[in-house]
K.L.:
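The structure is given below, and queries will be raised subsequently.
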Amino acid sequence: MSAYFVAIKIETTNQAELDIYGQMAGPTLQGHPATPKAFYGAIRNTDGLAVEGAVIIEFPSFKEAELWYDSPAYQEAVVHRFAGAKYTTFIIEGV
């Protein structure tokens, strides 16, 4: 069953750190069965807190999503996301 990594950017706090993250994060998907479904496209905030953007990446299984997120390459990159913005992220199993 498919699973999705969802990243919701609430607020940018350090653009230079986000730029580093952006350069490092994409290549971490190589070797993982991942399909980007949404990547900071147009967004309309409808309910709740306003967000700056969102990313959705599909994986063939929950385990595959976890393997990518927990990979050394992504963990090296993600520290720059932590330093560059406030995000809510999660992995969710599809239907």
Side-chain angles (χ1 to χ4, degrees):
M1 181 174 302
S2 294
Y4 302 86
F5 170 75
V6 180
I8 301 167
K9 184 169 40 166
I10 307 299
E11 178 185 10
T12 301
T13 57
N14 184 325
Q15 187 60 53
E17 286 289 338
L18 275 188
D19 291 344
I20 294 168
Y21 171 73
Q23 293 170 359
M24 294 178 72
T28 69
L29 292 169
Q30 294 176 358
H32 294 275
T35 305
K37 294 295 187 176
F39 193 80
Y40 296 110
I43 192 164
R44 175 184 162 192
N45 289 291
T46 53
D47 296 304
L49 298 174
V51 301
E52 291 183 6
V55 170
I56 302 171
I57 303 171
E58 182 180 20
F59 292 85
S61 69
F62 198 89
K63 184 65 175 172
E64 290 290 349
E66 289 182 310
L67 287 171
W68 164 74
Y69 187 87
D70 295 336
S71 70
Y74 187 70
Q75 288 304 303
E76 184 179 338
V78 78
V79 296
H80 298 285
R81 178 170 58 79
F82 297 153
K86 295 177 184 174
Y87 272 82
T88 295
T89 69
F90 55 91
I91 298 169
I92 186 169
E93 191 170 60
V95 295

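Bear in mind the structure is a predicted one, so any value in this text is a computation, not a measurement. Numbering of residues begins at 1 and proceeds along the displayed sequence.
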K.L.:
Could you tell me which non-hydrogen atom of Thr13 sits nearest to which non-hydrogen atom of Ala83, and how far apart they are?
P.N.:
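Heavy-atom minimum between the residues: OG1-O, 3.7 Å.
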K.L.:
With under 30° as parallel and over 60° as perpendicular, where do the rings of Phe5 and Trp68 fit, or are they tilted in between?
P.N.:
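Rings of Phe5 and Trp68: perpendicular, over 60°.
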K.L.:
With a 4.5 Å cut-off on side-chain heavy atoms, are Gln75 and Tyr69 touching?
P.N.:
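Tyr69 vs Gln75: side chains touch.
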K.L.:
Measuring from atom CE of Met24 to atom OH of Tyr74, what distance do you get when rounded to the nearest 0.5 angstrom?
P.N.:
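So the CE of Met24 and the OH of Tyr74 are separated by 10.5 Å.
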K.L.:
When hydrophobic residues are tied together by side-chain contacts of less than 4.5 Å, even through go-betweens, does Ile91 share a cluster with Leu29?
P.N.:
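Yes: a chain of side-chain contacts under 4.5 Å links Ile91 to Leu29.
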K.L.:
Roughly how far, to the nearest 0.5 Å, is the CG atom of Asn14 from the OH atom of Tyr21?
P.N.:
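Answer for the OH-CG pair, Tyr21 versus Asn14, is 15.0 Å.
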K.L.:
Is there a path of hydrophobic side-chain contacts, each under 4.5 Å between heavy atoms of I, L, V, M, F, W or Y residues, that connects Phe90 with Ile43?
P.N.:
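Same cluster: Phe90 reaches Ile43 through Ile, Leu, Val, Met, Phe, Trp or Tyr contacts under 4.5 Å.
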K.L.:
Provide the closest heavy-atom pair for Ser71 versus His32 in the form atom of the first, atom of the second, distance.
P.N.:
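Distance-wise, the nearest heavy atoms are CB-NE2, 4.3 Å.
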K.L.:
Looking at Arg81 and Thr89, what are the two nearest heavy atoms and their distance?
P.N.:
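Closest approach of Arg81 to Thr89: NH1-CG2, 3.4 Å.
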K.L.:
Please list, one pair per line, the donor and acceptor atoms closer than 3.5 Å that link side chains of residues 50-63 to other protein atoms, with sequence neighbours excluded.
P.N.:
{"residue": "Glu52", "atom": "OE1", "partner": "Thr12", "partner atom": "N", "Å": "3.3"}
{"residue": "Glu52", "atom": "OE1", "partner": "Thr12", "partner atom": "OG1", "Å": "2.7"}
{"residue": "Glu52", "atom": "OE2", "partner": "Thr12", "partner atom": "N", "Å": "3.1"}
{"residue": "Glu58", "atom": "OE1", "partner": "Lys37", "partner atom": "NZ", "Å": "3.2"}
{"residue": "Glu58", "atom": "OE2", "partner": "Ser2", "partner atom": "OG", "Å": "3.0"}
{"residue": "Glu58", "atom": "OE2", "partner": "Tyr4", "partner atom": "OH", "Å": "3.3"}
{"residue": "Ser61", "atom": "OG", "partner": "Glu64", "partner atom": "N", "Å": "3.0"}

K.L.:
For residues Val6 and Ile10: do they belong to one hydrophobic cluster (side chain heavy atoms under 4.5 Å, members Ile, Leu, Val, Met, Phe, Trp, Tyr)?
P.N.:
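Linked within one cluster.
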K.L.:
Enumerate the residue pairs fulfilling ring-ring contact (aromatic ring centres under 6.0 Å, His included) with a member in residues 36-57, sequence neighbours excluded, ordered by first and then second residue.
P.N.:
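Every pair satisfying ring-ring contact (aromatic ring centres under 6.0 Å, His included) with a residue in residues 36-57: there are none.
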K.L.:
Is there a donor-acceptor contact under 3.5 Å linking the side chains of Gln23 and Asp19?
P.N.:
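No, no side-chain donor-acceptor pair sits under 3.5 Å.
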